[in-house]
Amino acid sequence: MKIPPVKGTRDFYPQEMAVRNWIIDGWKRVSVRNGFEEYDAPIFEYLKMFQIKSGDEIVEQLFSLTDRGGRELALRPEITPSLARMVNQRINSLPRPIKWFSVPRLFRAERPQKGRLREFFQWNVDIIGVDDVLADAEVIFCALDYLREVGLGRDDVVVKISSRQMLAALLRSVGVARSELEELYAVLDKRNKLPDDAFEEMLAEKIADEGKRRKVIDLMSVESIEQINELLELDETAQESVNELERLFELLGVMGVAEYCEFDIGIVRGLAYYTGIVYEIYDKASELRAIGGGGRYDDLLKQFGGPAIPATGFGIGDCVLAILLEDKGLLERQLPSRKLDYFVACVDKSYRQAAVELTMKLRSAGWTAGFSYKTAKLSKQLKEASDQKAKKCIIIGDEFKNRQLVVKDMATGEQETVDYDKFFSGLESKAR
RNA sequence: GUGAGAGUAGCUCAGAUGGUUAGAGCACUGGAUUGUGGAUCCAGGGGUCGCGGGUUCGAGUCCCGUCUUUCACCCCA
């Protein structure tokens with residue numbers, strides 16, 4: 001009976017595994033050099049943990065189960081709640097700022113489509129305990145540091161940035177009630193995803209008043225922070241958040257990544273918990289869904305039963321990123337790394353044991369070494385050596401009776417006969 | 001959850017109007033070559049044609065269902 005892979009999952013053959021490792025190793029390396037420490041949490045949590053933040057709607061999109069003790073659990077669809085829990089548990093003993101990252105494997109029971117699967121990896125980088133917009137700039141830099149390193153330039157990716165707090169203040173100043181904001185965000189989030197008339201139609205369902213609606217549409221059409229000043233009289237909160245955004249762009253300039261960043265008032269994020277700066281990372285051609293996104297979530301730890309501590313961070317998934325990297329031709333070189341330092345061949349069955357023994361000696365000395373399961377035909381063994389990308393091939397033949405080996409350089413084809421003991425004394429000094 | 005397209009060997013795909021034993025290239029295994037690899041040539045293995053049901057003397061081909069997949073919508077943490 002053939003059992004197929006589960007819907008929305010991937011098998012990682014060595015080829016795909018090499019790509020996955022390359023992506024994740026890059027995430028980790030960049031996180032560490034930006035001063036972040038790695039953490040992780042269980043792959044399943046109490047179901048209710050994921051309901052706190054997002055409500056019952058989210059439950060439909062979770063893989064959930066009841067264990068034998070009757071506990072209602074769910075495979076994690078994100079790691080931020082676990083992060084909040086972990087930080088809250090030790091909030092009084094953790095030195096601040098808390099700069100942590102993680103590469104969790106996540107699960108969402110959605111219908112798979114381009115760039116979205118049911119099981120995936122996500123790079124999460126967060127700074128907890130810093131109010132300053134400098135922290136937002138630092139995590140954005142961290143994301144760009146990675147993207148730049150793997151070869152994505154300013155013609156490939158863009159970070160679109162706005163501020164929830166500013167948007168809220170501006171909407172209130174044009175007459176939108178505080179209680180209407182939440183629902184409106186969902187519509188405004190579509191601003192960049194819909195044609196103008198469809199967007200306006202959708203907006204009309206939320207805002208009946210023509211004049212008020214016009215003002216919102218005008219507001220959502222601004223293309224720069226300066227334009228906001230021209231369009232509206234700013235109250236104190238609005239001015240504060242505009243200043244904050246301006247400072248963020250200034251800092252991104254200092255960090256040398258300004259050309260990757262642009263203001264876009266249409267960035268709202270679907271998620272309710274964002275409180276300040278929000279951003280999404282897109283491919284420049286905007287052909288794919290968002291590569292990642294993030295923002296400030298100053299109230300989240302409190303919602304999870306902790307003190308009110310400011311926090312900011314982002315997440316980047318592996319699916320869209322891999323598609324973009326593939327499109328840009330940046331994955332071609334990521335092949336499985338089965339590269340042998342030495343391949344040990346023997347010309348005759350009688351030398352087989354010597355070949356095995358020699359191979360193990362090489363391995364113990366720290367070299368990557370292999371031998372063939374075939375003993376017939378040297379030519380076959382040499383073919384196997386080149387298939388496995390061996391740098392050198394050691395041939396054990398009749399010279400071995402005089403304790404000598406033939407060492408062949410597979411790249412140049414040159415070979416020399418060397419004394420067995422000399423070969424090993426030379427090797428060990430090299431390995432150190 | 002809604003809508004549309006697709007499913008033949010590990011991969012890419014042939015297989016008019018239903019008709020004997022379902023093919024090719026690549027990949028894989030072996031040989032040509034008993035102490036010298038990447039090439040070439042030759043040979044071989046590999047398929048319940050996604051699965052189930054129906055129509056028919058006969059189904060890879062037509063019909064229905066189902067699963068998977070792709071794309072879009074919903075949603076996007």
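On a predicted model such as this, the values are computed, not experimentally measured, just so you know. Order of the sequence lines fixes the chain letters, A, B, ..., with proteins taken first and strands second; residue numbering starts at 1 for each chain.
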Within the structure shown, what part of the strands sits under 4.0 Å from G8(A) by heavy-atom distance: base, sugar-phosphate, or nothing?
sugar-phosphate
Take atom CG of L117(A) and atom C1' of C75(B), then tell me their distance rounded to the nearest Å.
16 Å
Given atom CZ of R108(A) and atom P of C74(B), what is their separation to the nearest angstrom?
17 Å
U34(B), OP1 or OP2 - any side-chain N/O from K377(A) closer than 4.0 Å?
yes
Mark yes or no for a side-chain to base donor-acceptor pair under 3.5 Å between Q415(A) and U36(B), with no hydrogen or angle criteria applied.
yes
K380(A) has an atom NZ; how far is it from atom P of G37(B), in whole Å?
11 Å
Grab the CG-C1' distance between D387(A) and G37(B) for me, whole Å please.
8 Å
For RNA chain B, produce a single dot-bracket line, 5' to 3'. Pairs: Watson-Crick or G-U wobble, both distances under 3.5 Å. Symbols: ( ) within strand, [ ] crossing, | other strand, . unpaired.
(((((((..((((.....[...)))).(((((.......))))).....(((((..]....))))))))))))....
Name the nucleic acid region contacted by I395(A), choosing base, sugar-phosphate or nothing; use a 4.0 angstrom heavy-atom cut-off, strictly under.
base
Centroid-to-centroid, F44(A) to Y46(A), below 6.0 Å?
no
Using the P atom on both, measure G18(B) against A24(B) and round to a whole Å.
25 Å
The glycosidic conformation of A16(B), counting syn as within 90° of 0 and anti otherwise, is syn
Heavy-atom nearest nucleotide on RNA chain B for G413(A) versus D189(A): which residue maps closer to 5'?
G413(A)
Ignoring backbone atoms, establish whether K374(A) has a side-chain N or O less than 4.0 Å from OP1 or OP2 of G31(B).
no
Taking the same atom, P, in G1(B) and in A39(B), what whole-Å distance lies between them?
49 Å
Closest listed nucleotide, where the reference is the side chain of K190(A) and the choices are G37(B), C74(B), G35(B):
C74(B)
Any side-chain donor paired with an acceptor under 3.5 Å for T417(A) and E399(A)?
no
Whole-Å distance separating the CZ atom of R116(A) from the P atom of C75(B):
10 Å
Please check the phosphate of G37(B) (OP1 and OP2 only) for any side-chain N or O of K389(A) closer than 4.0 Å.
no
Expressed in angstrom and rounded to an integer, what is the separation of I281(A) atom CD1 from A77(B) atom P?
13 Å
Side-chain donor/acceptor of R111(A) to base of C76(B), under 3.5 Å:
no
Give the C-alpha distance, both sets of side-chain angles, the deciding distance and a yes or no for salt bridge (charged side-chain N to carboxylate O under 4.0 Å, His left out) between D209(A) and R213(A).
CA-CA 6 Å; D209(A) 181 81; R213(A) 191 163 71 235; over 6 Å; no
Expressed as a whole number of Å, how far does the C1' atom of U12(B) sit from that of G53(B)?
32 Å
G58(B) versus G30(B) - spacing of their P atoms, nearest Å:
45 Å
Should the side chain of E399(A) and the base of G35(B) be counted as holding a donor-acceptor pair, with the cut-off at 3.5 Å?
yes
Suppose you measure atom P in G45(B) against the same atom in G50(B); what distance do you get, rounded to whole Å?
23 Å
Tell me whether the count of non-hydrogen atoms from other residues, nucleotides or ligands lying under 6.0 Å of CD in E201(A) goes above 12.
no
With rounding to whole Å, what would you report as the distance between U56(B) and C62(B) at their C1' atoms?
10 Å
Indicate whether any N or O donor in one side chain lies under 3.5 Å from an N or O acceptor in the other, for S82(A) and E45(A).
yes
Identify whether any heavy atom of D348(A) sits under 4.0 Å from a base atom; if not, whether one sits that close to sugar-phosphate; answer base, sugar-phosphate or nothing.
nothing
Can you find a donor-acceptor N/O pair under 3.5 angstrom joining the side chain of R269(A) to the base of C76(B)?
no
Within 6.0 angstrom of E180(A) CD, more than 12 heavy atoms from elsewhere:
yes
Answer yes if the ring centres of W123(A) and Y146(A) are under 6.0 angstrom apart, and no otherwise.
yes
Separation of C76(B) atom C1' from Q122(A) atom CD, nearest Å, is 11 Å
Of the candidate nucleotides C75(B), G31(B), G37(B), which contains the atom at the shortest distance from the side chain of K383(A)?
G37(B)
Between U68(B) and K7(A), counting only base atoms on the nucleotide and side-chain atoms on the residue, is there a donor-acceptor pair under 3.5 Å?
no
What is the distance, to the nearest angstrom, from the CD atom on Q113(A) to the C1' atom on C75(B)?
9 Å
Between Y297(A) and D126(A): side-chain donor-acceptor atoms closer than 3.5 Å:
yes
Given the P atoms of U36(B) and A43(B), what is the spacing between them in whole Å?
26 Å
Expressed as a whole number of Å, how far does the C1' atom of C28(B) sit from that of C73(B)?
43 Å
By nearest-heavy-atom nucleotide on RNA chain B, the more 5' of S379(A) and G115(A) is S379(A)
Using the side-chain hydrogen bond (donor to acceptor under 3.5 Å, both in side chains) rule, pick out the option among E384(A), Q381(A), K380(A) that qualifies with S372(A).
E384(A)
Would you check if F314(A) and Y279(A) make a side-chain contact, meaning some heavy-atom pair closer than 4.5 Å?
yes
